[in-house]
Amino acid sequence: MSRTVRLAAVQPALELGAVEENLAHVEELIRDAHREHSPEVITVPESMTTPNVYSPLMADAARPVDGQPFQLLGRLARELDCVIGGGFIATRGTHTYGTYVLAEPDGSANLHDKDIPTAWEHNYYRGGDDDGVIDSGLLGRIGLACGWEWARNQTAARLRAGRVRLLLGGMCWPSFPTNWPGPLELICRRERAVQRQLARELPRQVARMIGAPVSMPSHVGDVAFDAPMMPGVPWKTEMVGETQIVERDGTILARLAYEDGAGHIGAEVELRDPEPLDPIPDRFWIPVMPASIHAVWHPLNLHGAARYRLGRARRRHPWQQQPPVDLPDRIPPHRPAEQPAAVE
Amino acid sequence: MSDDNGSGGSAAGDAVAVPTERVDAVVVGARCAGSATAATLAGAGRSVIVIDRARFPSDTLSTHAMFPSGVAEFQRIGAWPRIRDELRPAELQRVRLTLADGTEAIERWEPVDGIDHGVSIPRNLLDIKLVENARERGADVRERCSLREVLWEHGRVTGVTYRDPEGDERRVLADVVVGADGRRSAVAAGVGAWRPYRGSKNGRGLVFRYMDDPNRGSVDSRTMWQWRDENSLAFAFPTPDDRIICLFMGPASEVADARRDPDGYWARKLAQHPGCAARVTGATGMTKLRSTADVEAFWRASSGPGWVLAGDASHFKDPVTGQGMGDALRMGRTLGEALAPVLGEPAAMDRAARRWEHDTLRHCLHAYHFANFETEADDVSPVFRELIRHLGRDGEPALSHIFGRTRHTKEVVTWSRMVRALAAALVRGPRRLESLRFGLRFALMQARIRRELARDRFREPGPVPGSDHPGFEFWEPPTASPGAAPERRAEAAVPVAR
């Protein structure tokens with residue numbers, strides 16, 4: 001049985017490490033999107049608490065899975081009578097994850113942990129093991145994906161196997177440096193252009209592979225951080241934007257690019273059984289990633305994962321100062337006075 | 001503390017002018033946990049507003065037993081000189097437990113911070129002293145003020161609105177909202193923590209009255225005395241002004257009898273507890289009976305973004321062991337100490353609050369299990385009798401340490417003591433088969449409890465079979481009546497009962 005649903009996607013410009021301020025900004029954008037589009041679903045990107053980059057400020061970015069970001073999404077879902085999704089670095093049990101929460105007006109929620117952290121993200125959390133296929137009370141069988149999880153063929157295969165009718169989630173895609181001088185800038189300029197193109201193409205590719213509409217909210221704006229494995233070298237980046245709502249055939253229904261800055265888009269899509277149009281190639285990435293990405297992918301993954309494990313073993317992560325808690329991936333409906341207690 | 005008499009900032013998106021203030025902390029509830037929190041925070045230089053529905057002096061249902069560790073909490077929050085000098089409570093230096101066959105344990109309390117006695121002070125006398133202490137240390141305690149809403153902004157609790165004594169609505173914005181408003185906590189409902197993650201059905205009810213102490217001036221007037229006969233417990237605790245509280249804790253079903261036929265109930269209980277009857281013989285000035293069977297134990301999630309629950313709002317243990325007030329005071333003080341340095345830093349505050357909740361869990365979980373054991377309204381087992389017989393005779397920690405919380409329960413009820421008590425009960429008789437069953441059941445339950453304590457998990461939902469009693473049913477959460485809804489509700493706020 002098919003039905004139409006109106007989606008909205010938020011493209012925020014966030015400040016590095018300023019979790020509370022960013023959540024306030026995100027809330028304003030969600031409310032604004034609700035007023036303008038009257039949607040049934042509003043999504044914000046993964047890592048809505050801070051841009052996901054390499055910086056000492058990231059050490060304090062993790063929040064308990066039932067903490068402020070979760071509360072914000074759940075309470076807005078109730079108040080606006082709308083499905084609301086967003087991601088953040090969440091403490092779940094004795095680890096942190098890149099968790100995406102889809103909260104519904106009846107108090108129910110579904111949680112998905114990003115499968116593989118991207119490059120330096122390994123410093124701050126580890127990968128999850130759920131398939132990202134959820135059963136939403138209002139939307140039925142849908143998929144959730146975070147960041148470059150969108151860009152992997154294994155993700156598309158999972159979602160196709162799960163016969164999702166819609167893909168939600170969010171993106172945080174930083175570019176190559178904008179501040180490296182001389183000949184490096186020539187290289188970086190070309191790489192930035194490539195990355196923008198890849199980000200622009202990706203939602204369409206995924207939609208056609210899984211045969212279902214997608215809504216991909218993305219970070220936008222300029223962020224300064226530190227180059228990993230190169231102490232003292234600054235890295236200014238541009239979050240590439242490309243917030244899009246795309247039909248199952250790849251038609252872009254609404255889009256915000258980098259130049260559009262922060263904002264939101266809305267579009268109506270049809271929920272029905274998936275009809276994949278394109279095959280899923282037998283390779284790792286959906287886009288043809290440039291050599292530069294391949295060159296940094298593995299070293300940064302290893303570097304970040306080693307630092308995460310070492311910090312955890314020495315109990316140096318700030319989130320380890322509090323008792324471990326977790327929520328189930330599927331939280332059933334409940335009344336406002338009866339929220340689930342996050343337990344160990 | 002800052003005042004904003006106009007639109008009240010951004011917290012609520014309101015159109016009507018609501019007088020708004022900004023402080024570091026707002027505490028809902030001014031009794032044990034609330035006043036201790038407020039006194040500690042204010043003493044550390046933080047601005048604190050406390051609201052409470054009551055006008056003090058105000059009574060509330062309570063066993064009001066305070067052991068030396070509880071009196072030490074009075075001292076730590078600075079309230080003890082005022083309580084000691086103005087109320088002159090009896091210094092209860094001894095604890096005495098008497099069984100039907102004459103088996104007794106009589107012990108002196110182990111001093112805590114130099115305090116070697118407990119007190120028993122009715123709440124209408126005590127709570128106002130705690131309020132006065134909080135005020136003296138700088139907290140702004142506002143009586144006859146009822147919580148209306150918990151305010152949320154950006155996923156954090158940011159304050160409350162309340163009705164002042166004139167019925168006008170007021171708003172307080174704060175870095176943290178502390179719910180110290182009892183078991184039916186409106187703050188717990190407002191933050192979504194109403195439903196406990198763990199609970200246990202009580203087996204006993206509570207019936208008590210006050211009277212003049214017929215043994216004033218004797219050693220009995222310095223003794224907290226407990227009698228155990230058949231399946232019932234009786235207590236006599238001297239209170240200020242040469243009075244005593246006499247309290248019975250039989251099966252919960254007896255509470256209905258006490259309400260239906262107070263005189264008959266009283267006579268039956270005195271006949272059941274001849275030792276207690278002898279203690280109160282000649283007593284005059286008896287008050288009416290007060291009672292409750294509504295004492296189920298529970299644990300709530302007690303910390304979140306911008307909010308904390310303390311005292312009975314956080315967790316409740318069966319009152320049979322008299323730990324509620326002492327734990328509430330300790331929770332309030334330690335909460336104030338944990339939050340004072342980090343208010344204004346949301347992430348650090350949330351971490352500190354969650355660590356505090358875990359510390360509280362560690363401190364109170366064994367007492368919860370002890371109370372669950374004590375609330376079982378069974379006849380006194382011969383094994384328990386033998387345990388009491390040997391407690392205090394080997395120079396090792398004993399009964400007073402359990403009630404006084406100066407030692408962990410497992411340090412007192414050791415495996416060797418359990419084995420010796422079981423062996424003695426089997427040798428002496430009677431009821432050997434029952435003793436064997438009790439001993440095995442108790443040992444298995446203790447093993448499970450100790451395993452849980454050793455795991456040290458946060459918000460452990462349990463249950464521990466044998467300790468967490470089935471049949472736990474919780475109250476329905478409060479709901480706002482539509483007609484009473486405010487015209488302009490704060491954005492993202494959850495209505496609570498008023």
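When reading the values below, keep in mind they use all heavy atoms of this one structure, side chains included, and skip hydrogens, waters and symmetry mates. Keep in mind it's a predicted model, so treat the numbers as computed, not measured. The chains referred to below are lettered A, B, ... by the order of the sequence lines, with proteins before strands, and numbering in each begins at 1.
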* Asked: chain B contacts: which residues in residues 7-26 of chain A have a non-hydrogen atom closer than 4.5 Å to it?
  -> A:Glu20, A:Leu23, A:Ala24
* Asked: Considering only heavy atoms, which portion of B:Glu476 lies under 4.5 Å from any heavy atom of chain A: side chain, backbone, both, or neither?
  -> side chain
* Asked: Is it the side chain or the backbone of B:Ala193 that comes within 4.5 Å of chain A heavy atoms, both, or neither?
  -> backbone
For [X] and [Y], which I'm curious about, is there any donor-acceptor pair between the side chains at under 3.5 Å?
{"X": "B:Ser303", "Y": "B:Trp356", "answer": "no"}
{"X": "A:Thr94", "Y": "A:Arg312", "answer": "yes"}
{"X": "B:Arg148", "Y": "B:Thr161", "answer": "no"}

* **B:Arg300 NZ/CZ over B:Trp194 ring centroid, <6.0 Å and within 45° of normal** => yes
* To do: Please determine if B:Arg183 forms a cation-pi arrangement with B:Phe316, meaning its NZ or CZ atom is less than 6.0 Å from the six-membered ring centre and no more than 45° off the ring axis.
  => yes
* Select, from A:Glu28, A:Glu338, A:Gln68, the one with the greatest count of heavy-atom pairs under 4.5 Å involving chain B. => A:Gln68
* To do: Just give me the residue among A:Ala342, A:Gly67, A:Gly74 that pairs up with chain B most often, heavy atom to heavy atom, under 4.5 Å.
  => A:Ala342
* Asked: Closest approach of A:Pro45 and A:His219, non-hydrogen atoms and distance?
  -> CB-CD2, 3.5 Å
* For the residue pair B:Tyr368 and B:Trp299, categorise the inter-ring angle as parallel (less than 30°), tilted (30 to 60°) or perpendicular (more than 60°). => perpendicular
* To do: Pick one of side chain, backbone, both or neither for A:Pro340, based on which atoms fall under 4.5 Å of a heavy atom in chain B.
  => neither
* Structure fact -> Looking only at B:Pro346, B:Ala301, B:Ala188, B:Ala353, the option with the highest number of non-hydrogen pairs under 4.5 Å against chain A is B:Pro346
* Asked: What residue in B:Ala347, B:Gly306, B:Pro196, B:Gly304 has the most heavy-atom pairs under 4.5 Å with chain A?
  -> B:Ala347
* Validation row: A:Glu79, A:Arg31 side chains within 4.5 angstrom (heavy atoms) -> yes
* Any donor-acceptor pair under 3.5 Å linking the side chain of B:Tyr197 with the backbone of B:Pro461? -> no
